[in-house]
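Naming convention: chains lettered A, B, ... in sequence-line order (proteins, then strands); numbering from 1 in each chain.
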Amino acid sequence: MANQTAVRTQLNLIGLSKADYRGNPSTLCQGCGHNSIANQIISACYEMDILPETIVKFSGIGCSSKSPAYFLNRSFGFNGLHGRMPSLATGALFADCSLKGIGVSGDGDTASIGMGQFKHVVRRNMRLVYIIENNGVYGLTKGQFSATAEMGLTLKSQGTNPYMPVDIAWEALVGHATFVARSFAGDPKQVKELIKAALSHNGVAVIDIISPCVTFNNQDTTLHSYAWGKEHEVALHELSYVPPAEEITIDYEEGEDKEVILHDGSSVILKKLERAYDPTDRKAAMQVLEEANAKNILLTGLIYINTEQKSLVDIYNLPDTPLNRLPEYRIRPSRESIKQLNDMMF
Amino acid sequence: MANQTAVRTQLNLIGLSKADYRGNPSTLCQGCGHNSIANQIISACYEMDILPETIVKFSGIGCSSKSPAYFLNRSFGFNGLHGRMPSLATGALFADCSLKGIGVSGDGDTASIGMGQFKHVVRRNMRLVYIIENNGVYGLTKGQFSATAEMGLTLKSQGTNPYMPVDIAWEALVGHATFVARSFAGDPKQVKELIKAALSHNGVAVIDIISPCVTFNNQDTTLHSYAWGKEHEVALHELSYVPPAEEITIDYEEGEDKEVILHDGSSVILKKLERAYDPTDRKAAMQVLEEANAKNILLTGLIYINTEQKSLVDIYNLPDTPLNRLPEYRIRPSRESIKQLNDMMF
Amino acid sequence: MSAVNTLEKSEVTKDRSGVVNNFSITVSTVNGSGSQTANLTILRAIFKMGVPVSGKNLFPSNIQGLPTSFTIRVSKDGFLARREEQEIMVAMNPATFQKDIEGVVPGGVLFYPDDLKIPISRDDIVSYPMPVKQIIKEAGIPSERRDYVANMVYVGVLAQILHIDIDKIFSALDFHFKGKATPIEMNFMVVKDAAKWAAENLVKKDPYRIEPLNLTSGYIMADGNTAGALGAIYGGVHFVGWYPITPATTMPEMIQEYLPKLRKDPETGKNTFAVVQAEDELAAIGMTIGAGWGGLRAMTSTSGPGLSLMTEYIGLAYYAEVPIVVWDVQRVGPSTGLPTRTAQGDLIFANFMGHGDTQNVILLPGSINECFEFGWKAFDIAERLQTPVIILSDLDFGMNQWMAKPFEYPDTPIDRGKILWEEDIEKLKGNWTRYKDIDGDGIPYRTVPGNRHPLAAYFARGTGHDENGGYSEDPQVWHDLLERLKKKFEYAKRILPKPVITQGTQHEIGIIAFGSTEPALNEAQYLLSEKHIPCDIMRVRSIPFSQDVGDFIRNHDRNYVVELNRDGHLHKLLMLECPDWATHLISLAYIDGLPITANYICESIIKREENNHG
Amino acid sequence: MSAVNTLEKSEVTKDRSGVVNNFSITVSTVNGSGSQTANLTILRAIFKMGVPVSGKNLFPSNIQGLPTSFTIRVSKDGFLARREEQEIMVAMNPATFQKDIEGVVPGGVLFYPDDLKIPISRDDIVSYPMPVKQIIKEAGIPSERRDYVANMVYVGVLAQILHIDIDKIFSALDFHFKGKATPIEMNFMVVKDAAKWAAENLVKKDPYRIEPLNLTSGYIMADGNTAGALGAIYGGVHFVGWYPITPATTMPEMIQEYLPKLRKDPETGKNTFAVVQAEDELAAIGMTIGAGWGGLRAMTSTSGPGLSLMTEYIGLAYYAEVPIVVWDVQRVGPSTGLPTRTAQGDLIFANFMGHGDTQNVILLPGSINECFEFGWKAFDIAERLQTPVIILSDLDFGMNQWMAKPFEYPDTPIDRGKILWEEDIEKLKGNWTRYKDIDGDGIPYRTVPGNRHPLAAYFARGTGHDENGGYSEDPQVWHDLLERLKKKFEYAKRILPKPVITQGTQHEIGIIAFGSTEPALNEAQYLLSEKHIPCDIMRVRSIPFSQDVGDFIRNHDRNYVVELNRDGHLHKLLMLECPDWATHLISLAYIDGLPITANYICESIIKREENNHG
Ligand SMILES: Cc1ncc(C[n+]2csc(CCOP(=O)(O)OP(=O)(O)O)c2C)c(N)n1
Ligand SMILES: Cc1ncc(C[n+]2csc(CCOP(=O)(O)OP(=O)(O)O)c2C)c(N)n1
Ligand code: SF4
Ligand code: SF4
Ligand SMILES: [Mg+2]
Ligand SMILES: [Mg+2]
């Protein structure tokens, strides 16, 4: 028995060890929130028995955008341009629609330079897990305000931020995202379960994760610090991902707790904490977000999900064979067709 | 008396006739909503006794963005790049902070290519009247879907739009705009009053005006057509602008109706229509916007206003003399200073 | 090569002064009035009569109500470039009436609506008033349609006076309205009524007429954007990320129109492609690069302002070696410039675009057929070289109807370049690295997402990387990779389309050009030969230049470089190519938004030659 | 001109082999460990001892934990370029220890922390272990501060062994910490303890030492970004729109730091400027152009990727004639490239950027003093010419500390160019138009918003416009306006900084370069002259080139063009400038991210010269 358990912790159902999901050693600062998120991506994929080759990684530019090099070395990845990960991912994921995309971005990368592409990939409901490692600051360029920095935040040699912050979850919701979550790098379990749920969602899954920058924005009183997060996190629910075809062993109370069935047959169980919350209700989502702002809390959990809407690739009616594997005769019209064509060209 | 009236309709308080506010003849299509908006800008400025030289006009690219050439010929104007009017206006308005900016953009210009700059100029609360002439389509490039086109809209040679629309008022509100309005080119009176209020607002004033494209998107059943608008417009209130220092002659009921005092001492009176509505309540604004979507109505009026927040230029502590008129001795440090400076350069 | 080259020389008599099948017709109207249908109908009817013809639409950058003109050149000799002279003017627009009249050659012809109450200032031209309103009214056209069919009146009158075959007009209408009976009949009725009215009421006083020939059989008519779109479809395009911009918009629109017809998967009946309208050009290029990296044949099409916006991402594709195809249908820049006028002004920018050391493969189609051919070939080149390929077309190609030879089925199978799949990696025992030059051609091997071999994946990036794609700041690694890219571009010269040279004999004078100036060039060559100034022509078709380009240049004492821009872009690039012969290159660059004329080329050369010898 | 040029030649003895005041020190650490403070302290202390010195920081593109090195060159002769050789190595990083040791010249010196348990592979160098942890511990440094001050140990040990004046170290610390007692004392205590330890425990076995000289008095130390920032402030900058990017970020940050100190309005005490951090470079340039159009002295600063993103808007500024200043602090491209390495790879792009026919004024500062000077002058030039001015600096200038002459107060009053205010329009009786060439220099008059004269306003645009600014698609209007812009650029040549030519006598060999390669160039000239290969140097300082540039080139049989890029950008532009002399231009372009060395230049030239004659 003991022996069996040991084996089970080493290999997952598809026979891979956790090491098969690792990336290169991180070159980020020690304690950076981004590292902890990378680890949860590794764990989530390992525990979900996902073949790493079926994931494709994307990022923009920033410390956060370096992270994809630190997980899933066996997955393809593309570190694109600052603020323009979404378009890259959109194009690439058409190549083989059986692949799952994980995009990692920063708050600068998404909410400053990347606002346009962020809003539009959300609107298109591209099948992409879109993780924002949100630290309220530009890490890689050494500590300028990003668009998510709170009004009044004072940073070394930058003065005081005079603007209202961009709220990424709010933006996603208003922009018709079909999966909106917020989490906290200091709450690894929740991060992991959310990533799992996101990977099973058929559409864009925006996860706004407060991920402290220990070097440039980790004062205890500021909204993207570990200390603040630990003290102010309020989870909407306790979230557990249940793989497809697995029996639900978590005990939960119907009516009170909530189960959401995902595209691939898996589900998330949302155990009620302070109050019942239905993440399929867009109005409710707006209410809690607005409340969170008013009460100055770090509200985390699955804020909104819509499992009905078609994802971008669904509307294109593509064959099962990935487009990038189609042989010549399936992508070049027949020799005969050219005659008909010319006849049409008056 | 008759004579006097004639004179009064000819010249406003600063002695200008309406012709002094005109622009070049429009080269837009006959019946285009944009023309009607241009006319209301002319009327608003004329009626507000604004010296045309104190207005600066901006636009991006599109039929809508051509409009600034069709009003206020005596005002400076800059027709910038597609989607990038806001940055241009931001820079230019620092030149002389006594000037008022009017930016005109299209739905493509603002919500497609311009999403980033739109959201960020709003966030900065730049003192700018930002008018979106929203027709759900790209007029100038002949009828492609813009980002505000409703899901399911079918256009000639473009097929059917598969995406959820961008709701510009919603976006402005979530993005912390301090003045959010929606109107309809088919409701010229409201358009005009809103423009007046916007011109008196100290901050960004977003006016999303449904402005039908008669050439490419005016089918009776589509959400940016004249017919649909006429049938589905529901005004939040009846809106009247009262200039500063003018006595309020409109009779309105306290409690029921609402008066909002603007930065320059003018006010808007919002006469209650179906129900009492307080545009200074952000939550209420969100509610009505969400309801409007659910009920499929064209909700118009002043949706939200916040007169407290500083505008961008306010935070810079600039002198009264416009920056662009400062003489050399006020912008070049003294000759003596260079010695001290060099001493600092170890 | 364009139609003009391919007309059998024996069939034509070189007669530029004649009045039969040899003149230009300009129709001056306001845009948004539906005149495009009328003008294309005339154009197509003449074409169907076997007479070589070209049409150029000179339209404003708005949607409705501004002056617009359409010029049809009829040329039995197959000279189809723009000409400065207008023999026949159809002046429908009161706002430009005076100016329009002034443009007519002495002895020319004026058609005009009889309700235009403007005095005609010329007595050296023939004038035909047309009772447009009356004919429309009598034809019983419902009032809301009247504006649109009114233009058919001049079609009918011209048909009668110029002897355009009325049956061919029917065929043209049938084609235009895709066989839809109602509009065809309504329009044709007006044409017939107008022709009848003209027959009964007008006496022909001018010498111009069309006579049937058989010089167009075997030819087609198409615009360059459609040709490029079809080329892409035959090239197996999988993915198009685009954003609307004049004059490029119709290319993706045509792709969208024809793809479903031509490219349903023979196995499943499903789509083998995706066309996505992006939110802007930054996204369009990002999507395209993502798709190209993903192993799709990916393209975008844009014009100058969009190309400028794509600068940074194209630089990444160059350095990360991602194959993509970018069509730039040029209009007049800088900046927003003249969106509805033609130019060749993006060449030097396309060549040097992007910060740092970059280089792009550039294709320069010079005919409608090459728009089609390069449309498919560009994918082979991009995938073979793993680099962006920029195709420079222009508005004149893109949006005007040209005579062309029938499109030819690609003569080589699709070349997907060096892609390794699972079995390839297996064979190599996993022994591959993304950015290593194995074959000595500077081109590495690549894998694409979806490849499920555990050793297939790599991490692509725009930052410094070593042969494995691993992040590197090592000076030597950077230097070596950049040198390899240079080597790749050396190799490119071998596979890119060679220049087209007309008459290979050695002459003193060479004319060098690219793209849509081709018809004017051929006509100029003829005109110059008549003046006893023989010259050779080289039409450059790709960059980096192959050896042939330098050879041609060095074989000529004076090379005139003709192009539609101010700064002589091709001229500059050729000087850099042949520093030893740089002073033998003479720029004849000119830009005003109009297609070039043979006269301009001719006269410029004669003037220079006189200076040289004088 | 940099310090090196300005050292009185009589003061220096040309001795490159000596060990006194003539060697390089490299400190190898990990980044984020605070070593920058220690290294700058050494640098500044040596400078304060009157010995010419330069420091170059070679750092990775991350924030913490990766290898980084800092090289200090000490040169009594005032040669301050990078050298390949390292005499003294301070090896603090276990990860690179082996490699670091290998880099030391035979007879060189190694300092290392004594807890590094790695065998030292060399016996031809002198090694000094340093008990870093022990000294820190004994100094009683609180544990959370230990990591940061640990590096002061090597400062102290080096001071002792190399004879660096301990008082000067105090001054350096005092400067660094802006007089804040606590950090100064804590750090200085460690330095003293370490020096004491070294005095007591180490025996000097190496020949290297610093001796006080008086060659730096009257000099300052500064980096190029600070110099540029200060220049802008003295140039009366009103508006900065920017977005962070390495290595440009510190320029706006320095502007923000110094503006409030130097630029309070003498009348009101208020700010006479606004610095706005934009959401991206598209917005940064848009704001800057808006401000420039509004009559502000407006600038932005960026690096390659940002410049690429600015392409379209800069094209508009060119065509609509908006004065702006764009600093491009170059890093290695293409694409994201090597963000923390230096290059001169954006030149040709900056020159041709943007679709259509464009052209930009480019300034090429070649010293810290020119960074300052061009910093203010650029505004005069931009406003005089009404066009974007791009200043190409680079990371080596921008982020490294250089010896420089004191900044000089601008020697000309601010030139706002041809701006008309209310009274001017009044005088002209309203008779002005925005885009007309009145003075024959191609430069029109402009008004700016706020001008309340009813005839002052005009509508600016990137679309075709006539002399009034009115929208126009007229071919002639387009053509003429573009030709006028060309004329303006001809005029520009008269007012742009002329090249700096060292030794005007005619020689066979010319060396041509620009920017931060200047110190290496001067050293190379000296080295070559020692080998009896005399050569003249021309440092180009602006584009479009003035007549002098061509003259220099044509006066030399062989012109070697030295630059830090792959494709020979300056070489290409000079070939276009002098087609008749194109073959006399030889490219010595090289790029690997490191600053160029005199050796590289020297050896490349010797090799070519041998080939030439061999
Ligand atoms: C076009 C462009 N502009 C600017 C930069 C410089 N840059 C690199 S990372 C970064 C900000 C990153 O901030 P964020 O996305 O929040 O990531 P973090 O480092 O905080 O994780 C910037 C401005 C760039 N690489 N490209
Ligand atoms: C960078 C760039 N891309 C594309 C275009 C082409 N373009 C001109 S207007 C326009 C769309 C305008 O749509 P909208 O803003 O809705 O204005 P409308 O014409 O509908 O009023 C586009 C795509 C351009 N001018 N510049
Ligand atoms: S600088 Fe901040 S964001 Fe970047 S790696 Fe360090 S802690 Fe993380
Ligand atoms: S095309 Fe549409 S938007 Fe443009 S002018 Fe005509 S009606 Fe207006
Ligand atoms: Mg961040
Ligand atoms: Mg629109």
Reported CD1-to-CG distance for the pair C:Ile63 and B:Leu28, which is rounded to 0.5 angstrom: 9.5 Å

CD/B:Gln30: more than 12 non-hydrogen atoms of other groups inside 6.0 Å: no

Flag side-chain contact, heavy atom, 4.5 Å: B:Ile113 against C:Leu309: yes

B:Ile61 CD1 to C:Ser335 OG distance, which is reported to the nearest 0.5 Å: 7.0 Å

C:Glu253 side chain to B:Ser157 backbone, donor-acceptor under 3.5 Å: no

Heavy-atom pair of closest approach, residues C:Tyr243 and B:Ser112: OH-CB, 4.1 Å

Which atoms of B:Cys63 approach chain C - backbone, side chain, both or neither, heavy atom under 4.5 Å: side chain

C:Lys133 atom NZ, neighbour heavy-atom count above 12 within 6.0 Å: no

Close approach to chain C in residues 137-150 of chain B, criterion heavy atom under 4.5 Å: B:Tyr138, B:Gly139, B:Leu140, B:Thr141, B:Lys142, B:Gln144, B:Phe145

Heavy-atom pair of closest approach, residues C:Leu66 and B:Thr27: CD2-CG2, 3.8 Å

NZ/C:Lys261: more than 12 non-hydrogen atoms of other groups inside 6.0 Å: yes

Max heavy-atom pair count under 4.5 Å with chain B, selected residue of C:Glu257, C:Glu281, C:Gln64: C:Gln64

Heavy-atom contact with chain C under 4.5 Å, split by part of B:Thr215: side chain

Within 6.0 angstrom of C:Phe175 CZ, more than 12 heavy atoms from elsewhere: yes

